[in-house]
Asks: 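Dumping the structure here so I can ask a few things about it.
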Number of protein chains: 2
Amino acid sequence: MNGAESLVRTLAAGGVEVCFANPGTSEMQFVDALDRTRLLRCVLGLFEGVVTGAADGYARMAGKPAVTLLHLAPGLANGAANLHNARKARTAMVNLVGEHATYHKAYDAPLTADIEGTAAPFSDFVRTARTAAGLGADGAEALAAAMSAPGRIATLIAPSDTGWDEGGEVAEPVAPQGPSPYDEAALDAAAEALAGPEPCVIIAGGSVLEAPELTGLLMGIAERTGARLWSPSSNRRIERGRGRANFPKVPFPVDVAREKLAGARHAILIEARQPVAFFAYPGKPSLLLPDDCARIAVADFHQDGPSAVRALADRLGVEGPHVVDAPRPEDPRAGPIDYAALGAAVAAALPEDAIVVDEGVTAGRGIYAATVGSPPMSWIAITGGSIGNGPPLAAGAAVACPDRPVVALQADGSAMYTIQALWTQARENLNVTTVVFANGTYEILKQELTRVGANPGRSALDMLEINRPQLDFVDIARGMGVPGRKVDCAAELAQAIRDAVAEPGPSVIEATLA
Amino acid sequence: MNGAESLVRTLAAGGVEVCFANPGTSEMQFVDALDRTRLLRCVLGLFEGVVTGAADGYARMAGKPAVTLLHLAPGLANGAANLHNARKARTAMVNLVGEHATYHKAYDAPLTADIEGTAAPFSDFVRTARTAAGLGADGAEALAAAMSAPGRIATLIAPSDTGWDEGGEVAEPVAPQGPSPYDEAALDAAAEALAGPEPCVIIAGGSVLEAPELTGLLMGIAERTGARLWSPSSNRRIERGRGRANFPKVPFPVDVAREKLAGARHAILIEARQPVAFFAYPGKPSLLLPDDCARIAVADFHQDGPSAVRALADRLGVEGPHVVDAPRPEDPRAGPIDYAALGAAVAAALPEDAIVVDEGVTAGRGIYAATVGSPPMSWIAITGGSIGNGPPLAAGAAVACPDRPVVALQADGSAMYTIQALWTQARENLNVTTVVFANGTYEILKQELTRVGANPGRSALDMLEINRPQLDFVDIARGMGVPGRKVDCAAELAQAIRDAVAEPGPSVIEATLA
């Protein structure tokens, strides 16, 4: 058995089922091994940012580690922005990156570059395989690193001769490191603060948000104690909607967030850290909690948030999940699609058990609140701020959950970073409905330009407009095998979403915003 | 004056004229400074790989340094693949990368990552600015590093407060390091070998290929001595065509290259290193020259190749440029577009003084030889093997040379990595004619799969097919504001290229290959 086959068999034995790939010559022996073993489903992306983003979406929804296959340093770099998002989501992912044969690297062929250096800023584990005999064991360790709490990015670099040389050995799975215990003293302090008279906020993230039982307990705690609940601004995945708890997100604008959190004297952090400003702005603070608010760090990202939540509920005598009784949203009236109508249309049209992918950025900011009463859904969002996350996330989520409709809320500017994901959606016949919010501008940057104190002139604003020429997402989608339509009426938008969800396979709805 | 303005003024004083940009919040103060000073032309890309590739194309054709404006580590990473190509081209480029404010970085906001680490594998110079007062001087040093021989990638990371703080100082230009002298002893050895009876090859690259006077002298030397001329497989830029010397490229397939170079006893290297296999393959050598061939390294990349060529000509008594007397290619007959017909159509249709951008990969391999007798042209090609170089290179070359037609020879699979460049071509109304070679496959990888010894099955081949679904480049182009047409006849292709070149602005021709 060659090294490549031993690695594929090792990964399969460790629970890997899907490989998202954009291979090149140095990965041909892995393509061959994937072909011969038929152990993993292979999903091709036309660009590596699609591959890594789709792997992220898959892992978030499947609860299983994703594997990518990438081509040398430039291929890895092309995927790095979405590795950044995946890392901030604390997704479990193994990147298998091809490299020149061990003896060939010294010759500085054109594609030679420092792959370990490229991987380091975006990985928690980096290793270069040395031999075919060791490649299986390297893979088992990379997989264990990826699956260790809270979910990590592991990059395994495989010189091509470690793939084609004989002597490969399938390695036994290595046990990943589970979550560490939560902080008992902090839990005591949290229980005391919650039982006391001073205003408390509970900020919960990570795995807690994925379990309605846990968010329901936290909502019970909030009802019992008057504490306010928050989730971080973006999360790997949150289970929400009708019949579940409601966790508003800490708002993006610094002033709004500070205002919302004003008065809190105790911040109880569970699989979350204290919220900070997304960016710095002249004369504005970086921290969002009041200065005199005590930070009570019950569980960091790698610690056991679920046990902490249960223990806290126990201390406070809260039982069973508490849920919001929000009305099912109604269809918006016919009319232009302003931000409010956009939220209403999406909220009304969301089907049962949807996976919502949120890269709505500015135009989409109101949709989260508008969908509290929509049917139960999984909500997955861009986590690291590196735009171009949505289209691939949607593809990967649909690969993970073929029986669930995926509705992707997509800013137009952001869509263009990884628009090639539409092709993968078509190729795999994934039921993804992408709603592109067409405002023809990097709207967020226009707001940010004034926030940094600029008084923008024509040429500055021109740098933030993307409507010259106008992007036509229906044409672009058609070119990649995805049908689409344009709508400029809110009522029509709701119906268009329903129609698209009902139809198998992907589609794009370009929503022209008022 | 704030730091951002001091930096813009410093770069302009150093000769920078264009900034290719995809900015975010942390770069808003630079957008503002660019707006207020109006010293640089700003060209927007929808994706960072477009930005860096366009900067590369600009610098190659303008002979002036290019500047990019990128957003934090993920934005830089998105641009890194084309920085890799630019670095292998030895292009002079300054990347200005925004960073969180100095005091904000500690808070680990979502977009926080190691920017210096991200830059290092793709840069020759990396610096993080510390203060507004020092930002101008940092910029002058980065620019000098970029412009130092043979052309380098300099990355300057600017925390946002170094941009918005007052106290900026415009810095005087710093002199770049010019080329080092060539190796005199090696020149003696080269002259002796050329005058002797044993077979010689001359492999010249870099700046030598950009000067018809120098390639003409080398051709005279070859005619006088019987030496054979070669250029590296891909080059920053080569001036070629009717009335100029002909430098065939070292072929990509290892066996073919070895065969072509067989028998050589002396290899004279001028701004080039010995040719090596692009990839390793089981049982095949990495080196392309015969083992018993002496390597005579007259000038490395950073050394003075032009003086070496002149000195060598002088030693051998060669005067004036020698040129090939190749006939002007004729139009192909009507019929399917096979590889030969493709080369004939392009060769016949190329206009006077064209800039040819070569990312034709497999399908385009024959075009170089077919165009020896086409009108004089600049030929710029993907240099680092990281596909997705062509569409942005074409955009940047057209920005540099608004009065010259750009003809981009573009493989379909490669086009999809940076297809967003079409939008920039439309926005800037650039006269770029992109001929997409539509074979619906990663053809090169199918060949490579067998070269690594695999006997590919259906699922392996499926990973290399990109025609399920079919990509429609005319639709995709229209979606980005670029008109297009499809052709499947060789004679029609030649006419389509002529028509597109004659029409201002960009266009796409999808050539369906037989």
Side-chain angles (χ1 to χ4, degrees), chain A residues 21 23 25-26 28-29 31-32 35 42 44 46-47 73-74 77-78 80-81 84 88 100-101 104 107 109-111 113-114 117-118 120-121 160 164 276-280 282 286 384-386 416-417 420 426-427 448-449 452 454 456-457 459-460 463 468-469 471-472 475-476 478-481, chain B residues 21 25-26 28-29 31-32 35 42 44 46-47 73-74 77-78 80-81 84 88 100-101 104 107 109-111 113-114 117-118 120-121 160 164 276-280 282 286 384-386 416-417 420 426-427 448-449 452-454 456-457 459-460 463 468-469 471-472 475-476 478-481:
Chain A
T25 297
S26 43
M28 283 301 103
Q29 58 284 353
V31 171
D32 180 51
D35 177 53
C42 292
L44 184 62
L46 293 177
F47 169 68
N78 273 339
H84 174 82
K88 298 288 177 169
H100 286 310
H104 191 68
Y107 297 114
L111 267 165
D114 175 7
T118 303
S160 53
W164 70 54
V276 302
F278 207 94
F279 291 107
S286 291
S386 178
M416 288 305 295
Y417 289 72
Q420 306 94 333
R427 181 177 172 91
E448 297 288 76
L449 192 57
V452 302
S459 81
M463 290 283 281
R468 187 174 60 76
L471 288 163
D472 188 314
D475 280 337
I476 294 171
R478 187 189 311 115
M480 300 193 206
Chain B
T25 297
S26 43
M28 283 301 104
Q29 59 284 353
V31 170
D32 181 51
D35 177 53
C42 292
L44 184 62
L46 292 179
F47 170 68
N78 273 340
H84 174 82
K88 298 287 177 170
H100 285 309
H104 191 68
Y107 297 115
L111 267 165
D114 175 7
T118 304
S160 53
W164 69 55
V276 302
F278 206 95
F279 292 107
S286 291
S386 179
M416 287 305 295
Y417 289 72
Q420 306 93 332
R427 181 176 170 92
E448 297 289 76
L449 193 58
V452 302
S459 82
M463 290 283 281
R468 186 174 61 77
L471 288 163
D472 188 315
D475 280 337
I476 294 171
R478 188 189 311 113
M480 301 193 205

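Chain naming here is simple, since letters A, B, ... match the order of the sequence lines and numbering starts at 1 in each. Note that the structure is predicted; figures quoted are calculated from it, not measured.
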Asks: Looking only at heavy atoms, what is the nearest atom pair of Met463(B) and Leu44(A), with distance?
Replies: O-CD2, 3.3 Å

Asks: Heavy-atom pairs under 4.5 Å with chain B: which of Gly481(A), Ser459(A), Pro121(A), Ser26(A) has the most?
Replies: Ser459(A)

Asks: State, with a plain yes or no, whether a side-chain heavy atom of Leu111(A) is found less than 4.5 Å away from one of His84(B).
Replies: yes

Asks: For chain A, which candidate among Ala109(B), Ser386(B), Ala280(B), Gly385(B) shows the most heavy-atom pairs at distances under 4.5 Å?
Replies: Ala280(B)

Asks: Please work out which of the three classes, parallel, tilted or perpendicular, describes the rings of Phe47(B) and Phe47(A), given edges at 30° and 60°.
Replies: perpendicular

Asks: Find the one option among His100(B), Arg468(B), Arg478(B) whose heavy-atom pairs under 4.5 Å with chain A are most numerous.
Replies: Arg468(B)

Asks: Under 4.5 Å, counting heavy-atom pairs only, tell me which of Ala113(B), Ala77(B), Ala73(B) racks up the most with chain A.
Replies: Ala77(B)

Asks: Do you know which of Ile476(A), Asp32(A), Val452(A) has the most heavy-atom pairs under 4.5 Å to chain B?
Replies: Ile476(A)

Asks: What residue in Gly117(A), Ala101(A), Gly457(A) has the most heavy-atom pairs under 4.5 Å with chain B?
Replies: Gly457(A)

Asks: If you compare all heavy atoms of Asp35(A) against all heavy atoms of Pro456(B), which two are closest, and at what distance to 0.1 Å?
Replies: OD2-C, 3.9 Å

Asks: Please classify the contact of Val276(B) with chain A as side chain, backbone, both or neither, using a heavy-atom distance under 4.5 Å.
Replies: side chain

Asks: Looking only at heavy atoms and a cut-off of under 4.5 Å, which of Ser160(B), Ala21(B), Ser286(B) has the most pairs with chain A?
Replies: Ser286(B)

Asks: Spell out, as yes or no, whether a donor-acceptor pair under 3.5 Å connects the side chain of Gln420(B) to the backbone of Met416(A).
Replies: yes

Asks: Using heavy-atom distances under 4.5 Å, tell me whether Ala120(A) contacts chain B through its side chain, its backbone, both, or neither.
Replies: neither

Asks: Out of Pro282(B), Ala426(B), Ala80(B), return the one with the most heavy atom pairs under 4.5 angstrom to chain A.
Replies: Pro282(B)

Asks: Examine distances only and state if a side-chain atom of His104(B) and a backbone atom of Ala277(A) form a donor-acceptor pair shorter than 3.5 Å.
Replies: yes

Asks: Among Asp472(B), Leu46(B), Asn78(B), Asp114(B), which has the most heavy-atom pairs under 4.5 Å with chain A?
Replies: Leu46(B)

